[in-house]
Amino acid sequence: MASAAAAGAPPGPAAPRSRKSVTGTRRTVAVLFLLPALVLLGALVVYPIGYSLVRSFYNASGDGFAGFDNYEALFTDDGIRTALKNNVLWVVFAPTVSTALGLVFAVLTERVRWGTAFKLVVFMPMAISMLAAGIIFRLVYDQDPDKGVANAVWVGVHDTFAQSSAFPKAHPGRESPLVAQGGGFVTRAAVRAGQPVALPLVGVAPDQLPDDAKKAAAARPEPGKVTGTTWQDFTRGKGVGKLGAPDPSEVGYAGMRIEAVKDGKVVASTKASGDGTFALPAAADGALLRLPASNFREPYNGVDWLGPSLVTPAIIGSYVWMWAGFAMVLIAAGLAGVPRELLEAARVDGATEWQVFRKVTVPLLAPVLAVVVVTLMINVLKVFDLVFIIAPGSSQDDANVLALELYRKGFAEGRPGIASAISVFLLLLVIPVMLFNIRRLRREVRR
């Protein structure tokens, strides 16, 4: 019966000779098209990874098995430990700050008419290579305020509130009545009212004198007052000048502060006028005259941005300058897809703009923010160019990162075994981030 039923049953469809994809492409044809890419992938990615893994177990010459000695060096070598510590700082701060700035820029530029132009300016650094950006910021962070923009701004702000001295190199000349004391200078003997005092100094370049400085003049005696002159006691050229007295070609120390000191206490003070003359009240009679150290303070030279303590934050700042635009563009694209009715509903319910941003906008942008953060984390793990170019030789050890240490160990020090171990370690650090990103993308697809 069963055989009869089977004999009477209509014939089933013929088995396909080869499987096809939904687009109708045969699998063998697809493999043939992918074969060149697979060969390149194997030659440029798989083989180097495998070779680096094997090479990491050999010594520097490559002819002796070293076991796990190279991996042990990752945690005992001072340079590698510093690089690992700096990489942690990079991974924590660089993606976070870049993403936060990108989020702020993306949200705020939606509310201004020139938002597109602003986005263009912020994104423009992405068109610059890491090499060019490194050279730019090496100049930005230059210690000399006349060259480095960062220090030029910093010094300008500082000098607005604390003016630097115009006489940092001034000092007493020959046969001077002044002696050094506490960073400044004081007269050898007490002064008397009605007797003019000469306080000659030398050592200030003519082009560094204050703009309001005038030709020095001898002070005139005044009853009940201590008068005097402080000036540049130096005659240029072949002119014959009188030592210890103002000459026609000599200039007064305008703005020089003079204090009268009795028993260690300041009883009177004043500043010299443009021609260097000054006058103190009767309280200065019998006191020592002091030119305090504040007159000779060295000009403020800014911050040592590329010094050992600030070099890593400074380089991270240059990275943020480059990649904040990348974060802004991706977040702005995600923000364009946020349903506006949700934002308006929150405002109608009485939420403030900050509450709308924190409790509605940010949660809706969470998938985009995750993409940006993960992408930047992978990127900073292999940062090399900026550190290599911006950090000077004196502080490059303090700014070291794993990618730079890999280069130094492999090429500068000739230790390819340890360099291979560092490359494998970097790969192990990147893999968890990549797996997290893959899982997140798969969850997005399921939704």
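Between the side chains of R257 and S294, not a single donor N or O lies within less than 3.5 Å of an accepting N or O.
At distances below 3.5 Å, at least one donor-acceptor pair connects side-chain atoms of Q232 with backbone N or O atoms of V204. Looking at S395, its side chain never comes within 3.5 Å of a backbone N or O of D398 through a donor-acceptor pair. With hydrogens and angles ignored, the 3.5 Å screen pairs a side-chain donor or acceptor of E250 with a backbone N or O of F234. Formation of a donor-acceptor pair under 3.5 Å by the S98 side chain with backbone atoms of W323 is not found in this model. Formation of a donor-acceptor pair under 3.5 Å by the T160 side chain with backbone atoms of G156 is found in this model. Not a single donor-acceptor pair under 3.5 Å links the side chain of D247 to the backbone N or O of S249.
Using a 4.5 Å cut-off on side-chain heavy atoms (C-beta onward), H171 and F296 make no contact. Side-chain contact between P168 and R297 is absent, with no heavy-atom pair separated by less than 4.5 Å. Contact of the P172 side chain with the V179 side chain is not registered, since no non-hydrogen atoms from C-beta on lie closer than 4.5 Å. Side chains of I258 and K271 form no contact here, defined as non-hydrogen atoms less than 4.5 Å apart. Side-chain contact between D77 and K409 is present, with at least one heavy-atom pair separated by less than 4.5 Å. Proximity of I418 to E405: side-chain heavy atoms (C-beta onward) are nowhere separated by under 4.5 Å. Taking the side chain as every heavy atom from C-beta outward, V320 and L101 approach each other to under 4.5 Å. Inter-residue side-chain proximity for L89 and N86 is flagged as met; some heavy-atom pair is nearer than 4.5 Å.
Using a cut-off of 4.0 Å between Lys/Arg side-chain N and Asp/Glu carboxylate O, R408 and D397 are scored as salt-bridged.
Remark: N400 CG to N87 CG distance equals 9.0 Å, nearest 0.5 Å. Remark: I389 CD1 to I135 CD1 distance equals 6.0 Å, nearest 0.5 Å. Separation of atoms OG1 (T28) and CZ (F33) is listed at 10.5 Å; rounding is to 0.5 Å. Atoms CG and CD1, from L131 and I136 in turn, are 9.5 Å apart once rounded to the nearest 0.5 Å. To the nearest 0.5 Å, atom CG of residue N295 and atom CD of residue E259 are 8.0 Å apart. Atoms CZ and CG, from F137 and L139 in turn, are 11.0 Å apart once rounded to the nearest 0.5 Å.
Across every non-hydrogen atom of I49 and L427, the tightest pair is CG2-CD2, 3.7 Å. Across all their heavy atoms, I80 and A73 have their closest contact at CD1-O, 3.7 Å. Taking both residues in full, the closest heavy atoms of L201 and A170 are given as CD1-CB, 4.4 Å, listed atom of the first, atom of the second, then distance. Taking every heavy atom of both residues into account, G42 and P48 meet most closely at O-CD, 4.2 Å. Between G334 and L365, the shortest heavy-atom contact is C-CD2, 3.6 Å. Between A346 and V356, the shortest heavy-atom contact is CB-CG2, 4.0 Å.
Residues meeting the ring-ring contact (aromatic ring centres under 6.0 Å, His included) test with F123, sequence neighbours left out: none. Applying the salt bridge (Lys or Arg N to Asp or Glu O under 4.0 Å) test to R138 and every residue at least two apart in sequence or in another chain returns nothing. Residues passing the salt bridge (Lys or Arg N to Asp or Glu O under 4.0 Å) test with D142, sequence neighbours excluded: none. A search for salt bridge (Lys or Arg N to Asp or Glu O under 4.0 Å) contacts involving D275 returns nothing, not counting sequence neighbours. For D146, the side-chain hydrogen bond (donor to acceptor under 3.5 Å, both in side chains) test picks out no residue, with sequence neighbours left out. Scanning for side chain to side chain contact (heavy atoms under 4.5 Å, CB included) contacts around K359 gives an empty result, with sequence neighbours left out. The ring-ring contact (aromatic ring centres under 6.0 Å, His included) search around W354 returns F357, not counting sequence neighbours. A search for salt bridge (Lys or Arg N to Asp or Glu O under 4.0 Å) contacts involving R439 returns nothing, not counting sequence neighbours.
Using a 30° and 60° split on the angle between ring planes, F384 and F388 fall in the parallel class, below 30°.
Within a 6.0 Å sphere centred on CE of M126, heavy atoms belonging to other residues, nucleotides or ligands number more than 12. Counting non-hydrogen atoms of neighbouring residues, nucleotides and ligands closer than 6.0 angstrom, the CZ atom of F57 exceeds 12 such neighbours. In F65, the CZ atom is crowded: over 12 heavy atoms of neighbouring residues, nucleotides or ligands sit closer than 6.0 Å. Around atom CH2 of W154, no more than 12 heavy atoms belonging to other residues, nucleotides or ligands sit under 6.0 Å away.
Under the side chain to side chain donor-acceptor pair (under 3.5 Å) criterion, the residue pairs touching residues 363-383 are Y319-N379, with sequence neighbours excluded. The stretch residues 62-74 participates, sequence neighbours left out, in these side chain to side chain donor-acceptor pair (under 3.5 Å) pairs: S56-Y71, S61-D63.
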Could you list the donor-acceptor pairs under 3.5 angstrom formed by side chains in residues 301-312, with sequence neighbours left out?
| from | atom 1 | to | atom 2 | distance (Å) |
| --- | --- | --- | --- | --- |
| D304 | OD1 | G307 | N | 3.3 |
| W305 | NE1 | N151 | OD1 | 3.1 |

Side-chain atoms of residues 108-121: list all donor-acceptor pairs with protein atoms under 3.5 Å, sequence neighbours left out, distances to 0.1 Å.
| from | atom 1 | to | atom 2 | distance (Å) |
| --- | --- | --- | --- | --- |
| T109 | OG1 | F105 | O | 2.6 |
| T109 | OG1 | A106 | O | 3.3 |
| E110 | OE1 | R340 | NH1 | 3.4 |
| E110 | OE2 | R340 | NH2 | 3.0 |
| R111 | NH2 | E353 | OE1 | 2.8 |

> Going through the distances and angles, do I316 and W321 end up as a side chain to side chain contact (heavy atoms under 4.5 Å, CB included)?
Replying inline: CA-CA 9 Å; I316 291 177; W321 176 78; over 6 Å; no

>> Under the criterion side chain to side chain contact (heavy atoms under 4.5 Å, CB included), I'd like the reasoning laid out for L199 against L178: C-alpha separation, chi angles, the key distance, then a yes or no.
In response: CA-CA 7 Å; L199 302 178; L178 295 168; 3.7 Å; yes

> Step by step, would you call L84 with F425 a side chain to side chain contact (heavy atoms under 4.5 Å, CB included)?
Replying inline: CA-CA 10 Å; L84 183 59; F425 184 62; 3.7 Å; yes

>> Checking T96 against V373 for the side chain to side chain contact (heavy atoms under 4.5 Å, CB included) test, could you report, in this order, the C-alpha distance in whole Å, the side-chain angles of both residues, the deciding distance, and whether it holds?
In response: CA-CA 7 Å; T96 304; V373 171; over 6 Å; no

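Under the side chain to side chain contact (heavy atoms under 4.5 Å, CB included) test applied with W90, the options L376, I315, L402 reduce to a single match, I315. Paired with L404 under the rule side chain to side chain contact (heavy atoms under 4.5 Å, CB included), one option of D385, L386, V383, V387 passes, and it is V387.
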